[in-house]
Trainee: 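Shown below is the structure under consideration.
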Amino acid sequence: MSLWEYANPVKFLRLSGKVLPWISILAAVLLVSGLVWGFFFTPDDYRQGSTVKIIYIHVPSALMAINAWFMMLVASLIWLIRRHHVSALAAKAAAPVGVVMTLIALITGAFWGQPMWGTWWAWDPRLTSFLILFLFYLGYMALWAAIDDPDTAADLTSVLCIVGSVFAVLSRYAVNFWNQGLHQGASLSLDKEENVSDVFYQPLLLAIGGFVLLFFALVLVGTRTEIMKRRTSAIIAREQSK
Amino acid sequence: MNALLIRDLRLAIRAGGGFGLGLAFFLIVVVLVPFGVGPNMALLGKIAPGILWIGALLACLLSLDRIVALDFEDGSLDLLATSSLPLEAVVTLKAVAHWITTGLPLVLAAPVLGVLLGLSQDGYYWIVVSLLIGTPALSVIGTFGAALTVGLKRGGLLLSLLVLPLYVPTLIFGAEAARRGAEGLATGTPLLMLAGITCGTISLLPFASAAVLRINLR
């Protein structure tokens, strides 16, 4: 009994089929409770007013935008090293979710920035690196879409993901050097004195948990769809060759 | 190794006019910018280092698809892959050939075009230095992109989408070094970072380029 058993698509489909409804329900419960709590049952910030409530969507989506890329990197490495097809397909399924999370973070950030900083957009390091991350996602997905042979596509996108990760980190520090920022520093760390007040922190944790589970649910759905798509095309190819 | 390099250089210079095309494109970009932002020499002089860097980067991008595509089509890449030379060396040589035929002319042309943009006195020296250090990285990164998209039918647009985000760190440090130089500030830090990126990409990326080329040749 090991994790690698689920590299077998049949076993993966069976397990993910069982787990998926529970993850989806839990994601919905956490999201609804976190967002409702955050939107309606927390006080306004004394300086930011009610715009502080954007935090319940902005922070979790930004968190998942980065973690989705990280998951793709791990899945790509597993594909290149152990050649498990499920892993490659999971990386493929995570990319659209990640790009939407990046977009949500950018858009809610603009809505937050307009009243707070007086501008929709600033060339702040964090904002800029998210824009670059967005471009990386677009390139990765375009490469998947451009190649017909599934194994070649998985190989090439995996290498792109690894090289892209290095350059994404490099860009992150390069833009730090390039411009000073408006964006505040980390204020959710577990080991720091100055953090967000507990009133905002508790519903935010629920919302983050909801986004994490939502991400898992969407990636599972995407991976299952990809596996079934692969199967149907195999069946069609077999029928045609008869 | 020398034979391959000389062959690539000959092909680039003689066949199909790809050699002068990058330079002409660089010239066009630089000429078009004043039409876009107005003939104000003070403003142009201020943004000149950035324009020259972006122009050089785009000119570099334009010639990328020629690096491996022609060899892939006529089958000589298969021969190179089966020869005794490791594929890592082949892609490095291709990047070197690309730099000599595209990067080096751009470096030499940049100060001349700087006149058109009213670059400041100190700027000429620093634009040459920063481009000289930075353009090898552009060639090496571009070779990776070219190797990645070599098997695709409409690889050109995809190539730009994949390569341009990878150019971001090089552009940031290169243009920053040139800008600081033109304004008479200290250029040490961005130049060192730029040199670091160039050294890092030259030493590591050929392995990735060779890996994707092997996948594409399968």
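Order of the sequence lines fixes the chain letters, A, B, ..., with proteins taken first and strands second; residue numbering starts at 1 for each chain. Quick note: numbers below take in every heavy atom, side chains included, and nothing from hydrogens, waters or symmetry partners. Remember, predicted model here, so these are calculated numbers, not experimental data.
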Trainee: Where does B:Leu166 contact chain A at under 4.5 Å (heavy atoms): side chain, backbone, both or neither?
Mentor: both

Trainee: For B:Ile197, is it the side chain, the backbone, both, or neither that has a heavy atom closer than 4.5 Å to a heavy atom of chain A?
Mentor: side chain

Trainee: I'd like to know if the side chain of A:Asp124 reaches the main chain of A:Leu127, judged simply by a donor and an acceptor atom lying under 3.5 Å from each other, with no hydrogens or angles considered.
Mentor: yes

Trainee: Output yes when a side-chain donor or acceptor of B:Arg179 lies under 3.5 Å from a complementary backbone atom of B:Gly50, and no otherwise.
Mentor: no

Trainee: Under a 4.5 Å heavy-atom cut-off, does chain A meet the side chain of B:Leu157, its backbone, both or neither?
Mentor: neither

Trainee: Can you tell which of A:Phe177, A:Phe136, A:Trp178 has the highest number of heavy-atom pairs within less than 4.5 Å of chain B?
Mentor: A:Phe177

Trainee: Counting heavy-atom pairs under 4.5 Å to chain A, which of B:Leu161, B:Thr170, B:Leu204, B:Thr149 comes out on top?
Mentor: B:Leu161

Trainee: Of the listed residues (A:Leu143, A:Asp149, A:Val166, A:Asp148), which shares the most heavy-atom pairs with chain B below a 4.5 Å separation?
Mentor: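 Highest number of heavy-atom pairs under 4.5 Å: A:Leu143.
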
Trainee: Has B:Asn216 got a side-chain atom pairing as donor or acceptor with B:Ala147's backbone, closer than 3.5 angstrom?
Mentor: yes

Trainee: Under 6.0 Å between ring centres, would you say that holds for A:His84 and A:Trp79?
Mentor: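 No - the distance between ring centres of A:His84 and A:Trp79 does not fall below the 6.0 Å cut-off.
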
Trainee: Will you find, in the side chains of B:Thr187 and B:Arg180, an N or O donor that is under 3.5 Å from an N or O acceptor?
Mentor: no

Trainee: If you count heavy-atom pairs under 4.5 Å between each of B:Ile141, B:Ile172, B:Val163, B:Thr189 and chain A, which one has the most?
Mentor: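 Going by pairs under 4.5 Å, I would pick B:Ile172.
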
Trainee: Whether the side chain of A:Thr102 engages the backbone of A:Ala65 through a donor-acceptor N/O pair (distance < 3.5 Å, no angle test) should be reported.
Mentor: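 No, A:Thr102 side chain to A:Ala65 backbone: no donor-acceptor pair under 3.5 Å.
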
Trainee: Between A:Tyr137 and A:Trp69, is there a donor-acceptor pair closer than 3.5 Å when you use the side chain of the first and the backbone of the second?
Mentor: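 Judged by distance alone, yes, a pair lies under 3.5 Å.
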
Trainee: Please determine, by modelled atom types, if B:Ser120 and B:Asp122 share a side-chain donor-acceptor pair under 3.5 angstrom.
Mentor: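 Not at all, the side chains of B:Ser120 and B:Asp122 share no donor-acceptor pair under 3.5 Å.
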
Trainee: Under a 4.5 Å heavy-atom cut-off, does chain A meet the side chain of B:Val212, its backbone, both or neither?
Mentor: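 When you check distances to chain A, atoms from both the backbone and side chain of B:Val212 fall under 4.5 Å.
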
Trainee: Is B:Leu148 close to chain A through its backbone or its side chain, or both, or neither, when contacts mean heavy atoms under 4.5 Å?
Mentor: both

Trainee: Give, as side chain, backbone, both or neither, the part of B:Leu205 having an atom under 4.5 angstrom from any heavy atom of chain A.
Mentor: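 Answer is side chain: those atoms of B:Leu205 sit under 4.5 Å from chain A.
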
Trainee: Checking heavy atoms, do the side chain of B:Thr201, its backbone, both or neither come under 4.5 Å from chain A?
Mentor: side chain

Trainee: I need the residue from A:Val163, A:Ile132, A:Val175, A:Ile162 with the largest number of non-hydrogen atom pairs under 4.5 Å to chain B.
Mentor: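 Most heavy-atom pairs under 4.5 Å with chain B: A:Val163.
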
Trainee: B:Ile215, B:Leu164, B:Val168: which one forms the most heavy-atom pairs within less than 4.5 Å of chain A?
Mentor: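 Maximum pair count with chain A is reached by B:Ile215.
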
Trainee: Please determine whether the number of non-hydrogen atoms from other residues, nucleotides or ligands lying under 6.0 Å from atom CE of B:Met193 exceeds 12.
Mentor: no

